Amino acid sequence: MVEWAPIKIPIKRRIQTLAVMTLVYAFLFGHIFGTCLLLLLLLNPYTTIFAILYIGWAYILNPRTPSRGGRTFEAARRWKIWKYYCDYFPMYLIKTADLDPKDNYIFACHPHGIMGLGALGNFGGEATGFSEKFPGIHPHLLTLTMNFRFPFTRDFSMAFGACSVDKDSIEYILQKMGPGHSAAIVIGGAAESLEARPDNFKLTLKERKGFVKVALRNGASLVPVFSFGENDLYDQVSNPHGSALRQWQTKMKDLMGFAPPLFRGRGVFQYTFGLLPHRRPIHTVIGAPIKVDKVNNPSPEEIEKFHLQYVKALEELFEKHKKNYGISEDKHLEIC
């Protein structure tokens with residue numbers, strides 16, 4: 001039975017839906033749209049020169065920009081679309097400790113969810129007040145390198161501060177861009193998206209230690225971040241470990257670098273199925289920083305030590321705040 005949306009909906013809510021649809025569809029289909037647009041510009045004799053100039057500028061003169069700090073436009077981070085996007089859920093940013101703008105940080109975000117929409121809203125734009133809460137801190141949300149290979153969408157993403165998630169990119173941000181410039185990484189990645197479903201708190205973290213190694217090499221403090229409600233935005237088809245579906249998804253992840261979760265959200269005019277997330281609140285809690293001393297060549301023991309310290313801090317953050325967001329006392333993080 002399809003649950004249709006009411007005909008009389010305030011215009012503000014319609015704009016919120018449009019904002020979310022724009023950003024979600026850009027995430028899902030932007031690479032296709034950008035590629036098709038470039039081809040159309042190339043084939044049209046009146047616009048061929050503009051397409052050639054763009055190709056030369058983006059892929060010949062500036063091919064490494066996504067891994068060299070990107071190309072942030074502060075005005076783009078303050079576009080009105082971010083306010084409507086965050087109000088849709090709604091989305092909130094909760095500060096628990098001050099961050100010294102003289103330091104650099106790695107914001108380790110959990111959980112991934114289907115698309116990491118909480119990380120996008122809080123670190124991609126200013127609607128939840130990141131710069132007001134953490135003055136002098138400049139976040140760069142990191143995503144797969146392949147996302148910057150597609151025309152136009154690469155520039156759209158970089159305008160909000162997004163950069164490539166490869167090691168060179170992270171170290172450039174932490175070493176070359178000056179105090180305050182920091183990396184926001186959704187640690188669980190594609191593997192964790194396959195666990196994204198309501199009331200599930202399983203995190204892919206036990207063997208994810210690369211971010212700790214990079215933090216040690218650069219003396220960047222680790223900041224645990226947990227978005228309560230991220231996993232409630234979509235329903236996902238059951239895919240337990242060992243099932244044929246999960247095996248196929250894992251093979252696709254290993255082959256392409258991202259997982260294809262089979263999920264269901266809502267549509268524009270009905271609430272039963274579709275690609276849009278449900279209107280459910282997201283509370284992103286940013287924990288206290290874990291000070292990390294710079295070690296040029298950290299040993300496995302040093303990496304393990306800070307990884308354990310980080311996991312403990314994340315678990316404490318979850319336990320301290322979970323009751324505020326309707327999570328029962330018997331629910332705990334499952335670190336896998």
Side-chain angles (χ1 to χ4, degrees), residues 93-113 116 118-119 122-123 130 133-134 136-137 139-142 165-167 169-171 173-175 179-189 191-192 195 200-228 230-231 283-325 327 329 331-336:
L93 182 65
I94 295 89
K95 171 184 174 180
T96 65
D98 291 328
L99 298 180
D100 189 341
K102 295 179 182 178
D103 295 334
N104 302 98
Y105 302 89
I106 292 181
F107 294 93
C109 305
H110 313 271
H112 184 282
N122 286 295
F123 293 99
F130 184 93
K133 294 179 172 72
F134 303 104
I137 307 298
H140 298 269
L141 183 60
L142 307 188
V165 77
D166 62 80
K167 186 185 74 172
S169 174
I170 302 172
E171 295 200 332
I173 292 169
L174 300 177
Q175 291 181 11
H181 283 274
S182 303
I185 310 172
V186 186
I187 302 298
E192 196 172 276
E195 302 290 350
N200 185 28
F201 304 101
K202 184 180 292 186
L203 302 182
T204 303
L205 180 58
K206 186 176 291 185
E207 301 302 325
R208 297 291 172 102
K209 301 177 183 179
F211 72 103
V212 177
K213 183 177 181 179
V214 172
L216 281 163
R217 283 172 52 87
N218 295 276
S221 298
L222 290 167
V223 182
V225 180
F226 196 91
S227 290
F228 293 89
E230 180 74 48
N231 281 346
H283 295 84
T284 299
V285 182
I286 297 186
I290 300 170
K291 185 66 177 177
V292 176
D293 295 325
K294 185 174 181 179
V295 181
N296 290 328
N297 294 296
S299 66
E301 291 76 20
E302 289 172 312
I303 295 172
E304 182 66 20
K305 171 189 171 183
F306 279 98
H307 185 266
L308 290 173
Q309 187 176 344
Y310 173 80
V311 171
K312 181 180 179 182
L314 178 64
E315 291 175 330
E316 290 175 350
L317 183 73
F318 178 83
E319 294 296 329
K320 181 178 180 180
H321 294 274
K322 65 182 182 181
K323 286 202 289 187
N324 297 336
Y325 310 116
I327 299 173
E329 193 64 36
K331 294 292 184 179
H332 308 282
L333 292 183
E334 183 179 349
I335 308 299
C336 302

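Remember, it's a predicted structure, so these values are computed and weren't measured experimentally.
Relative orientation of the F107 and F123 rings is tilted, given thresholds of 30° and 60° on the angle between their planes. Between F211 and Y310, the angle of the ring planes goes over 60°, which puts this pair in the perpendicular group of the 30/60° scheme. In this structure, H283 and Y325 have parallel ring planes: the angle between them is below the 30° cut-off, well short of the 60° mark.
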* **Audit row: E304, K209, side-chain contact (heavy atoms from CB on, under 4.5 Å) steps and yes/no** => CA-CA 8 Å; E304 182 66 20; K209 301 177 183 179; 2.5 Å; yes
* To do: Please report the C-alpha distance between N218 and N104 in whole Å, then the side-chain angles of each, then the deciding distance to 0.1 Å, and finally whether the side-chain contact (heavy atoms from CB on, under 4.5 Å) criterion is met.
  => CA-CA 9 Å; N218 295 276; N104 302 98; over 6 Å; no
* Asked: Would L314 and L205 count as a side-chain contact (heavy atoms from CB on, under 4.5 Å) if you check the C-alpha gap in whole Å, the side-chain angles of each, and the deciding distance to 0.1 Å?
  -> CA-CA 11 Å; L314 178 64; L205 180 58; 3.8 Å; yes
* Decide yes or no on side-chain contact (heavy atoms from CB on, under 4.5 Å) for K291 and D103, but give the supporting numbers first. => CA-CA 10 Å; K291 185 66 177 177; D103 295 334; 3.8 Å; yes
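In this structure, the side chains of E192 and K202 stay at 4.5 Å or more apart for every pair of heavy atoms. Between F226 and L333, the closest side-chain pair of non-hydrogen atoms falls below 4.5 Å. Side-chain contact between E315 and I335: present, with at least one pair of heavy atoms (C-beta onward) separated by less than 4.5 Å. The closest side-chain heavy-atom distance from K167 to E171 is below 4.5 Å.
The OG atom of S182 lies 7.5 Å from the NE2 atom of H140; values are rounded to the nearest 0.5 Å. Atom-to-atom distance recorded for I137:CD1 and L99:CG is 5.5 Å, nearest 0.5 angstrom. Annotation: the span from E334 atom CD to T204 atom OG1 amounts to 10.0 Å, rounded to 0.5 Å.
Closest approach of V212 and I303 over heavy atoms only: CG1-O, 3.6 Å. Between L174 and Y105, the closest heavy-atom pair is CD2-O, 3.7 Å. In terms of heavy atoms, I170 sits closest to V165 at CD1-O, 3.6 Å. Closest approach of H332 and F201 over heavy atoms only: O-CB, 3.8 Å. Closest approach of K206 to H307, counting heavy atoms only: O-CE1, 3.4 Å. When all heavy atoms are compared, the tightest approach of G287 to T96 is CA-OG1, 3.2 Å.
E230 places no side-chain N or O within donor-acceptor distance of the main-chain N or O of P111, the cut-off being under 3.5 Å. Distance alone, capped at 3.5 Å, is enough to place a donor-acceptor pair between the R208 side chain and the G188 backbone. Judged by distance alone, the side chain of K95 and the main-chain N or O of I286 form no donor-acceptor pair under 3.5 Å.
Residues passing the side-chain hydrogen bond (donor to acceptor under 3.5 Å, both in side chains) test with E302, sequence neighbours excluded: S299.
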